[in-house]
Amino acid sequence: MTTFTDPEHHSQLKNATQAFFVGIFARECAIDSSAFKPALTFESYGINSVMIVNLTRQLEQVFGGLSKTLFFEYQTLEDLCTYFIDNHS
């Protein structure tokens with residue numbers, strides 16, 4: 001698990017990570033990125049299994065192989081971002 005000694009750096013990393021993921025999810029869900037709320041569940045946006053496969057493939061292009069159950073383990077954008085910050089930064 002990554003620990004941050006500089007709160008400002010952590011805040012910037014969290015904001016940048018969320019912006020990156022919001023862009024990907026907003027395109028996949030065909031919603032405006034400003035309407036995407038990180039604390040809401042993916043289910044509330046109507047994300048289905050086909051979308052999950054597409055999202056996983058897009059993320060694997062950036063991060064390499066990922067768990068196929070990632071979106072079941074982390075059910076909000078906020079939780080998913082925390083996972084990526086802790087494990088892929």
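Remark: side-chain polar atoms of Thr17 are paired, donor with acceptor, to backbone N or O of Leu13 under 3.5 angstrom. Tyr45 places a side-chain N or O within 3.5 Å of a backbone atom of Lys37 that can act as its donor or acceptor partner.
Applying the salt bridge (Lys or Arg N to Asp or Glu O under 4.0 Å) test to every pair with at least one member in residues 48-68, sequence neighbours left out, gives these pairs: Glu60-Lys68. Within the structure, salt bridge (Lys or Arg N to Asp or Glu O under 4.0 Å) pairs that include any residue of residues 8-20 do not occur (at least two apart or interchain).
Side-chain atoms of Phe72 and Ile52, non-hydrogen and from C-beta on, do get closer than 4.5 Å to each other. Put simply, the side chain of Phe84 reaches to within 4.5 Å of the side chain of Leu66, judged on heavy atoms. The shortest side-chain heavy-atom distance between Glu43 and Phe71 does not fall under the 4.5 Å cut-off.
In the hydrophobic clustering of ILVMFWY residues, with side-chain heavy atoms under 4.5 Å counting as a link, Phe42 and Val53 come out apart. In terms of hydrophobic clustering, with Ile, Leu, Val, Met, Phe, Trp and Tyr side chains grouped at heavy-atom distances under 4.5 Å, Tyr83 and Ile85 are assigned to different clusters.
When the side-chain contact (heavy atoms from CB on, under 4.5 Å) test is applied to Asn48, the partners found at least two apart in sequence or on another chain are Val50, Met51. The side-chain contact (heavy atoms from CB on, under 4.5 Å) search around Ser49 returns none, not counting sequence neighbours. Thr76 meets the side-chain contact (heavy atoms from CB on, under 4.5 Å) test with Thr41, Glu78, Asp79; sequence neighbours excluded.
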Donor-acceptor pairs under 3.5 angstrom involving side-chain atoms of residues 19-33: please list them, not counting sequence neighbours.
from: Arg27; atom 1: NH1; to: Gly23; atom 2: O; distance (Å): 3.3
from: Glu28; atom 1: OE1; to: Gln58; atom 2: NE2; distance (Å): 3.3
from: Glu28; atom 1: OE2; to: Asn54; atom 2: ND2; distance (Å): 3.2
from: Asp32; atom 1: OD2; to: Ser34; atom 2: N; distance (Å): 3.0
from: Asp32; atom 1: OD2; to: Ser34; atom 2: OG; distance (Å): 2.2

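Atom CG of Leu59 and atom CG of Leu80 lie 7.0 Å apart (nearest 0.5 Å).
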